[in-house]
Amino acid sequence: AQSVAQPEDQVNVAEGNPLTVKCTYSVSGNPYLFWYVQYPNRGLQFLLKYITGDNLVKGSYGFEAEFNKSQTSFHLKKPSALVSDSALYFCAVSANTNAGKSTFGDGTTLTVKP
Amino acid sequence: NAGVTQTPKFQVLKTGQSMTLQCAQDMNHNSMYWYRQDPGMGLRLIYYSASEGTTDKGEVPNGYNVSRLNKREFSLRLESAAPSQTSVYFCASSEPYSYNEQFFGPGTRLTVL
């Protein structure tokens, strides 16, 4: 079985400050890890993913994420937050043994205040 | 390209009524998915289709049926709606391998009274 935990329901940061949204996972085999963003009344949009290789992956809108195998984590980061980054963020995991099915975390609401 | 489209956008049903949610994608993806999103529970997989002609149950399939009509279209049917099925439903598509990201439709907000 595979699972994802996003330990924080809500993250609040001030504009211009760095942000981190946490994610830990559990999976059998090699993990494929994803971050998606959801704006109000919209579907999820893909931000970035880790498949293999460099532990630091870069994605859309200046976001990046660091894969840490020993801590089974894949935290989303951005050096300088924007008010427009305020949204709901989902971490997801899949494995090469699971026929393309991803398991999603419960989501973290990011609020960036001016 | 429209990506993934879903109809309707909103629907209100009475308990016991039936309805079909439609989903289509124009990205030539092999795999398609149906999720429901409830507050504080993330996305839960209802059914998925790895390729045309195949469907399989996800985490929460009870009360739902699906049809993979062709490569483009994947519909979700509620035969006898219940208030517990009040949710936002998302369709998604992807290439079939686990390392591929999914592309989501805009969602259908369903209320069952």
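Residue numbers begin at 1 in each chain, while the letters A, B, ... track the order of the sequences. Quick caveat: nothing in here was measured; it's all calculated off a predicted structure.
Test Phe74(A), Phe63(A), Tyr61(A) against Tyr89(A) for ring-ring contact (aromatic ring centres under 6.0 Å, His included) and you get one pass: Phe63(A).
Salt-bridge annotation for Glu66(A) and Lys77(A): present, with a side-chain N of the basic residue lying under 4.0 Å from a carboxylate O of the acidic one.
Tyr36(A) touches chain B through its side chain: at least one heavy atom from C-beta onward sits under 4.5 Å away, while N, CA, C and O do not. Using a 4.5 Å cut-off between heavy atoms, Tyr99(B) contacts chain A through both its backbone and its side chain. Contacts between Arg109(B) and chain A at a heavy-atom distance below 4.5 Å involve the side chain alone, from C-beta outward. If you measure heavy-atom distances from Leu44(A) to chain B, the contacts under 4.5 Å come from both the backbone and the side chain. Residue contact with chain B, scored on non-hydrogen atoms closer than 4.5 Å, involves the side chain of Leu88(A) exclusively. Contacts of Gln45(A) with chain B are absent, with no heavy-atom separation under 4.5 Å from either backbone or side chain. Only the side chain of Leu45(B) comes within contact range of chain A, judged by heavy atoms closer than 4.5 Å. Within the 4.5 angstrom heavy-atom criterion, no atom of Gln6(B) approaches chain A.
In the model, Ser87(B) has a side-chain atom that pairs as donor or acceptor with a side-chain atom of Asp38(B) under 3.5 Å.
Between the side chain of Gln2(A) and the main chain of Lys101(A), a donor-acceptor pair closer than 3.5 Å is present.
To the nearest 0.5 angstrom, Tyr25(A) atom OH is 10.0 Å from Gln71(A) atom CD.
By the 30° and 60° cut-offs, the orientation of the rings of Phe104(A) relative to Tyr35(B) is perpendicular.
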